[in-house]
2 protein chains.
Amino acid sequence: MGKSPAFEKELSTEEKIKAAARIVFAKKGFAAARTRDIADTAGINLALLNYYFRSKQKLFDGIMREKLQEFFGKVAPIMIDTTTTLETKIETFVAHYTDMLIKNPELPLFVMSEIRTHPQHFAQISPIHQILNESSFVAQLKEKRPEVHPLHFLMSMLGLTVFPFIAMPMMKSIASLDDEAYTRMMEERKKLIPLWMHTILDKKPNT
Amino acid sequence: MGKSPAFEKELSTEEKIKAAARIVFAKKGFAAARTRDIADTAGINLALLNYYFRSKQKLFDGIMREKLQEFFGKVAPIMIDTTTTLETKIETFVAHYTDMLIKNPELPLFVMSEIRTHPQHFAQISPIHQILNESSFVAQLKEKRPEVHPLHFLMSMLGLTVFPFIAMPMMKSIASLDDEAYTRMMEERKKLIPLWMHTILDKKPNT
DNA sequence: TAAATATTTAATCATTTGATTAAATTATTT
DNA sequence: AAATAATTTAATCAAATGATTAAATATTTA
């Protein structure tokens with residue numbers, strides 16, 4: 001196959017395989033990714049994949065654990081922090097996630113697909129379940145809007161932040177935008193989303 | 001394997017195959033779906049799949065075209081309609097999509113995955129590109145908030161409406177909800193999202 | 001420096017899969 | 001009733017794939 005990515009030098013064979021696996025699994029998913037694809041991308045012999053990782057499935061599991069940790073690992077500390085205001089939490093979350101997803105736009109679809117097909121992998125990430133059960137964030141939401149289930153606001157904040165990355169190819173096509181223009185829109189949303197979240201939180205229905 | 005779904009009677013063989021294909025492809029995606037899975041689910045002999053559809057890929061393409069049409073086919077008429085207000089458009093869109101996705105919660109992930117891996121399939125759906133280029137909806141957004149790119153509001157409305165279905169397994173797990181409770185939350189959002197969209201549209205930044 | 005260990009290679013294999021086929025059966029047409 | 005067409009079946013096949021293996025090479029250790 002063609003030239004390997006630039007990571008070919010300086011990395012150990014094991015790290016080369018993982019780097020290649022991140023690329024190929026994110027792009028194609030588990031079933032459509034071939035071990036030959038991963039070996040070619042890593043620039044190594046196919047047998048080494050089994051030598052280091054025992055099987056395709058084990059390699060995938062390791063990459064997925066890492067990706068789930070990357071996706072969810074930082075959200076819990078933001079939400080649990082009792083020293084920050086609700087406004088700060090929202091701004092920190094939106095800024096952090098937008099930056100991470102600009103770097104890894106395929107991550108949400110990758111992670112959500114895996115959670116839908118293998119929910120048991122997700123259940124193992126214990127910090128996630130603290131978000132609703134014992135987080136300062138939820139306590140602050142309940143205090144501000146006790147009549148609305150806090151999950152509504154959580155999924156709205158996630159929807160406003162993450163969905164544009166999930167729908168990125170569609171949105172770029174609809175609006176004829178290139179990557180750079182789309183990234184600029186995502187940067188704009190770092191300011192817009194916290195503003196919107198606060199207007200949503202402040203707005204009570206008229207009755 | 002096992003007992004076939006209830007559609008086994010009354011449908012032609014061709015329709016049985018398509019119904020089974022919708023189930024298996026939505027659940028597993030193209031690569032992980034085996035033609036034997038589809039045949040078993042349809043309760044027919046494997047060779048009939050090729051007799052009627054020529055190949056797995058052609059069968060998939062037909063189902064995907066149908067699903068893309070289902071996902072996008074109704075949004076354009078809502079957005080292009082020059083006789084309805086912006087408020088009505090938002091309410092109609094949210095109500096329609098929420099109802100559709102309650103019935104087909106795996107549809108957004110299925111469609112978004114395909115658009116990401118094969119954007120050329122999406123490019124063929126011409127009504128979608130009318131949404132930004134010549135729709136009443138966008139004209140109304142520009143009139144109301146000329147200083148904000150209308151794509152922000154489109155992706156926000158989609159994010160608020162569609163993302164909770166993409167993240168449904170995750171959200172159900174986090175909040176320990178069953179399907180029925182989650183569906184009730186989605187119904188609540190039919191009222192909440194239009195309200196939120198209007199507060200977002202009405203809120204200008206303080207300067 | 002020899003032995004032990006780790007890594008790598010090319011070849012190979014078992015299994016799975018999508019597709020094909022000849023023959024049989026059923027349905028339709030003449 | 002016979003001929004034709006459509007549908008179905010069981011068996012089979014070629015290709016691809018994940019995994020294995022023996023042998024060679026490189027590195028480390030005593």
Side-chain angles (χ1 to χ4, degrees), chain A residues 1-5 7-65 110 113-114 117-118 121, chain B residues 1-5 7-65 110 113-114 117-118 121:
Chain A
M1 207 57 71
K3 189 171 290 184
S4 299
F7 58 62
E8 194 170 274
K9 59 177 182 255
E10 299 301 330
L11 289 174
S12 70
T13 301
E14 189 168 348
E15 285 302 320
K16 286 179 187 174
I17 294 170
K18 287 167 79 174
R22 286 183 199 105
I23 294 169
V24 179
F25 282 138
K27 182 175 177 181
K28 299 186 171 188
F30 177 80
R34 296 154 66 241
T35 49
R36 283 161 175 79
D37 293 334
I38 298 171
D40 287 346
T41 301
I44 54 96
N45 188 280
L46 178 58
L48 289 175
L49 203 145
N50 288 84
Y51 177 82
Y52 284 103
F53 295 94
R54 309 304 281 260
S55 71
K56 179 187 176 186
Q57 183 70 65
K58 283 180 163 54
L59 173 60
F60 178 83
D61 289 345
I63 299 299
M64 180 53 67
R65 257 195 305 278
F110 186 57
S113 294
E114 176 66 11
T117 56
H118 300 94
H121 288 167
Chain B
M1 199 62 65
K3 189 171 288 186
S4 302
F7 59 61
E8 194 170 274
K9 60 177 182 256
E10 298 302 329
L11 289 176
S12 70
T13 301
E14 189 169 347
E15 285 302 320
K16 286 180 188 174
I17 294 169
K18 286 168 78 173
R22 286 184 198 105
I23 293 168
V24 179
F25 283 138
K27 182 175 178 180
K28 299 188 172 188
F30 178 78
R34 295 151 69 242
T35 50
R36 282 160 175 79
D37 293 334
I38 297 170
D40 288 345
T41 300
I44 55 96
N45 188 280
L46 177 56
L48 290 174
L49 202 144
N50 289 86
Y51 178 81
Y52 283 103
F53 294 94
R54 308 305 281 264
S55 70
K56 179 187 175 186
Q57 181 69 64
K58 284 179 161 58
L59 173 60
F60 179 83
D61 288 346
I63 299 299
M64 180 54 68
R65 258 194 307 277
F110 184 59
S113 294
E114 176 67 12
T117 57
H118 300 92
H121 288 169

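Convention: sequence-line order gives letters A, B, ...; per-chain numbering from 1.
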(request) Give one of base, sugar-phosphate or nothing for A:A31, where a contact means two heavy atoms less than 4.0 Å apart. (result) nothing
(request) Not counting sequence neighbours, list each pair that qualifies as a side-chain hydrogen bond (donor to acceptor under 3.5 Å, both in side chains) and has a residue in residues 20-32 of chain B. (result) B:R22-B:E66, B:K28-B:D37
Could you run down the sub-3.5 Å N/O contacts of the protein with nucleotides 24-28 of chain C?
none

(request) Round to a whole Å and report the spacing from CD of A:E15 to P of C:dT7. (result) 13 Å
(request) Scan B:T41, B:I63, B:D40, B:T35 and name whichever one has a side-chain contact (heavy atoms from CB on, under 4.5 Å) with B:V24. (result) B:T41
(message) Measure CG/B:L49 against P/C:dA19 and give the value in whole Å, please.
(response) 8 Å
(request) Give one of base, sugar-phosphate or nothing for B:A32, where a contact means two heavy atoms less than 4.0 Å apart. (result) nothing
(request) Give the rounded distance in Å between these two atoms: CG of B:D40 and P of C:dT16. (result) 14 Å
(message) So if I define the base as every atom that isn't primed, P, OP1 or OP2, how would nucleotides 7-14 of chain D read as a B/S/- string at a heavy-atom cutoff under 4.0 Å?
(response) BBBB----
(request) Report the distance from atom CD1 of B:I44 to atom CD of B:E14, rounding to the nearest 0.5 Å. (result) 11.5 Å
(request) Any ring pair (Phe, Tyr, Trp, His ring centres under 6.0 Å) involving residues 18-40 of chain A? Give me the pairs, sequence neighbours left out, ordered by first then second residue. (result) A:F25-A:F60, A:F30-A:F60
(request) Calculate the interatomic distance between B:R34 atom CZ and C:dT16 atom P; express it in whole Å. (result) 9 Å
(request) Determine which pairs satisfy side-chain hydrogen bond (donor to acceptor under 3.5 Å, both in side chains) with at least one residue from residues 45-62 of chain A, sequence neighbours left out, and list them in order. (result) A:Q57-A:D61
(message) Just verifying a value: how many Å separate A:K18 NZ and A:L59 CG, rounded to the nearest 0.5 Å?
(response) 9.0 Å
(request) Using whole Å, report how far CG of A:N50 lies from P of C:dT7. (result) 15 Å
(request) Take the protein atom CZ of B:F30 and the nucleotide atom P of C:dT17, then report the distance between them rounded to whole Å. (result) 13 Å
(request) Please determine if a side-chain N or O atom of B:S55 lies less than 4.0 Å away from the OP1 or OP2 oxygen of C:dG18. (result) no
(request) Give the rounded distance in Å between these two atoms: CD1 of A:I17 and C1' of C:dT7. (result) 11 Å
(request) Measure from NZ on B:K56 to C1' on D:dA16 and round the result to the nearest Å. (result) 12 Å
